[in-house]
Amino acid sequence: MNKGIAIYPGSFDPTTNGHLDLIERGAKIFEELVVAILRNSEKTPMFSVAERLEMLRTLTGHLKNVRIDTFDGLMVEYAVSMEAVCILRGIRAISDYEYELQMALMNRKLEPTLETVFMMPADKYSYVSSRLVREVAQAGGPVKGLVPEVVEQKLREKLDPADKFHDEMHEVPLVVTGGKEKKRKKKA
Ligand code: PNS
């Protein structure tokens, strides 16, 4: 175990199995790992920051040295404010390398005391990204095995709100009868 705090920053929109794999690996080598969700990204997110925070907290509840937080502005300034010694980022394939190198060098220029540490998620997740997960889910495709079950369920709820109703009420979806909506109790 390495002494000190590491920050694992990202959008986590949503958390994939690759992210989770990296968090578990990071938790083994750092004294404390802070998973930090960027609050004000230029991108329009699928999940709100609160939803992403909640999902990550649920998914990492078993890891005692992992904390979930959010940040705004420059990541290195946040890292310094947290007294972190390094930044953790994942590299899946060569295609990630150029962007990650650029970001790591810019972060070093901004804050020379912080090191960026790269780790590789399990190779079975090397093609998994939040963007592709969103794309597949939005097109109605299966995301099983790519994201944790909690996230899979949230994606279903987000893309088909009736699913949330279905799950929460343990009732079959609404039936519209003559302009009036009725809830049918599911038979045991
Ligand atoms: O999961 P992502 O979208 O690849 O994460 C990118 C993130 C959030 C790590 C990066 O955009 C970031 O750190 N943004 C905060 C603003 C900042 O510090 N920009 C300079 C980075 S060189």
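One-based numbering, in listed order, for ligands and for the atoms of each.
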Please indicate whether Met106 has more than 12 foreign heavy atoms, meaning atoms of other residues, nucleotides or ligands, lying under 6.0 Å from its CE.
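Counting other residues, nucleotides and ligands, CE of Met106 stays at 12 neighbours or fewer.
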Would the number of heavy atoms belonging to other residues, nucleotides or ligands and lying under 6.0 Å from CE of Met82 be above 12?
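Correct, the count exceeds 12.
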Can you find a side-chain donor-acceptor pair between Gln153 and Glu149 that sits under 3.5 Å?
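Short answer, no.
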Could you go step by step and tell me if Asp160 and Arg156 meet the salt bridge (charged side-chain N to carboxylate O under 4.0 Å, His left out) rule?
CA-CA 6 Å; Asp160 180 8; Arg156 271 200 296 268; over 6 Å; no
When the side chains of residues 131-138 are checked against the rest of the protein, which donor-acceptor pairs come out under 3.5 Å, sequence neighbours left out?
{"from": "Arg131", "atom 1": "NH1", "to": "Glu135", "atom 2": "OE1", "distance (Å)": "3.2"}
{"from": "Arg134", "atom 1": "NH1", "to": "Asp13", "atom 2": "O", "distance (Å)": "2.6"}

So what's ligand 1 close to, N/O to N/O, under 3.5 Å?
{"from": "ligand 1", "atom 1": "1 (O)", "to": "Ser11", "atom 2": "N", "distance (Å)": "3.0"}
{"from": "ligand 1", "atom 1": "3 (O)", "to": "Ser11", "atom 2": "OG", "distance (Å)": "2.6"}
{"from": "ligand 1", "atom 1": "3 (O)", "to": "Lys43", "atom 2": "NZ", "distance (Å)": "3.1"}
{"from": "ligand 1", "atom 1": "4 (O)", "to": "Arg89", "atom 2": "NH2", "distance (Å)": "3.0"}
{"from": "ligand 1", "atom 1": "5 (O)", "to": "Arg89", "atom 2": "NH1", "distance (Å)": "3.4"}
{"from": "ligand 1", "atom 1": "18 (O)", "to": "Met75", "atom 2": "N", "distance (Å)": "2.8"}

Tell me whether Arg57 contacts the main-chain N or O of Ile68 through its side chain, where contact means a donor paired with an acceptor under 3.5 Å.
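Flag set: sc Arg57 to bb Ile68 pair under 3.5 Å.
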